[in-house]
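What follows is a short report on a single structure.
Here is the naming used below: chain letters follow the sequence lines, and residue numbers restart at 1 for every chain.
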Amino acid sequence: MAILSREFYARPALEVARDLLGCRLVRQINQHRLSGFITETEAYQGETDLGCHAHVGRTPRTAIMYGQAGHAYIYFTYGMHWLFNVVTDLVEVPSAVLIRAIMPDEGQHEMALNRPYRAHKRGWLNGPAKLTQALLLNGDQNGCDLCLEASGLYIENAPLTPDMQVIATSRVGLNSEPEPWKSIPWRFLVKQDGALN
DNA sequence: CGCCAGATCCACT
DNA sequence: GTGGATCTGGCGG
């Protein structure tokens, strides 16, 4: 499968978030190829979206979201976690898609080593901070270009996941945000047959 | 199982 | 100084 193009990412975050479902997130590191199929995403679009970090405008932290689509926006939160996002839409339109969960595929043993205490349990990659641990992603990869294979971090194309298998719900962790942002259905999940990752 | 507190630090006010 | 796009272990039912 081909690496997703700049054009794919240079669309509104809502479309990108929806279409990323089923695509393969790939991390090449230390001679290993770690990958998993994206099963959950969230869209954050623009300064008017109070759930989006860019609602405070352009700062050193949010500047990456104002840049070219297809780059990684990786930030630190809660004093211990890194979250992985993909910059979307046109330059000067601050928006991104948070990757919240993957179904592990290649390099499962390596990924498990990166998550020593929980790797044997169910749902070991169904959270935005879990997958960054497994894929060894942190601030060092912030701003990295996902359209270049040489980055060692990119997403591969996949057939579009049918609407029948897609669920849209409100985004997670925005409980203190006002409506409509708190409840707007900008979170997308692939319907699973009861089986968690 | 569900609920809750603790961990731990950075960006922004 | 404050609070956060989270996760985990422990405790109670």
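- Rounded to an integer number of Å, the gap from NE2 of A:H81 to C1' of C:dG3 is 15 Å.
- Of the residues in residues 167-182 of chain A, those lying under 4.0 Å from DNA chain C by heavy-atom distance are A:V172, A:G173, A:L174, A:S176.
- Here A:L20 contributes atom CG and A:T88 contributes atom OG1; the two are 9.5 Å apart, rounded to the nearest 0.5 Å.
- Per the geometry, CZ belonging to A:F76 stands 18 Å off P belonging to C:dG3, to the nearest Å.
- The separation between A:R61 atom CZ and C:dA5 atom C1' is 9 Å, rounded to whole Å.
- Within residues 12-25 of chain A, no residue has any heavy atom closer than 4.0 Å to DNA chain B.
- Judged by ring centres under 5.5 Å apart and planes tilted less than 30 degrees, A:Y78 fails to stack against the six-membered base ring of B:dA7.
- In this model, the phosphate group of C:dA5 is approached by a side-chain N or O of A:H53 to a distance below 4.0 Å at OP1 or OP2.
- To the nearest angstrom, P of B:dA11 lies 10 Å from CG of A:N142.
- Atom P of nucleotide C:dA5 and atom CE of A:M65 are separated by 11 Å, given to the nearest angstrom.
- Interatomic distance, CD1 of A:I38 versus CD1 of A:I99, reported as 4.0 Å (0.5 Å rounding).
- The side chain of A:Y73 lies closest to C:dA5, out of C:dA5, B:dC9, C:dC7.
- A:Y154 places a side-chain heavy atom less than 4.5 Å from the side chain of A:Q28.
- For the pair A:Q133 CD and B:dT8 P, the computed distance is 13 Å after rounding to whole Å.
- Not one side-chain nitrogen or oxygen of A:R115 sits closer than 4.0 Å to the OP1 or OP2 atom of C:dC7.
- When the C1' atom of C:dG9 is taken as reference, atom CE of A:M80 falls 12 Å away, rounded to whole Å.
- Between the CH2 atom of A:W82 and the P atom of B:dT8 there is a distance of 16 Å, given to the nearest Å.
- Among A:Q133, A:R115, A:M103, A:Q108, the single residue meeting the side chain to side chain contact (heavy atoms under 4.5 Å, CB included) criterion with A:L125 is A:R115.
- Counting only Watson-Crick and G-U wobble pairs whose two distances sit under 3.5 Å, DNA chain C takes part in these stems of three or more pairs: B:1-7 with C:6-12, B:9-12 with C:1-4.
- Atom CG in A:L83 sits 9.5 Å away from atom CD in A:E42 (nearest 0.5 Å).
- From A:L25, atom CG reaches atom CG of A:L34 across 9.5 Å, with rounding to the nearest 0.5 Å.
- The two residues A:P178 and A:L50 have their closest heavy-atom pair at CG-CD1, 3.4 Å.
- In terms of heavy-atom proximity, A:S151 sits nearest to A:C144 at CB-SG, 3.7 Å.
- A pairwise comparison of heavy atoms in A:L153 and A:R27 identifies CD1-CD, 4.3 Å as the closest pair.
- Residues A:E7 and A:R11 come closest through the heavy atom pair O-CG, 3.7 Å.
- The two atoms that bring A:S95 and A:Q45 nearest to each other are CB-CA, 3.7 Å, heavy atoms only.
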Next item on the list: Using the side-chain contact (heavy atoms from CB on, under 4.5 Å) rule, take A:W181 and A:R171 through it: C-alpha gap first, then chi angles, then the decisive distance, then the call.
Entry: CA-CA 9 Å; A:W181 311 115; A:R171 295 174 293 182; 4.0 Å; yes
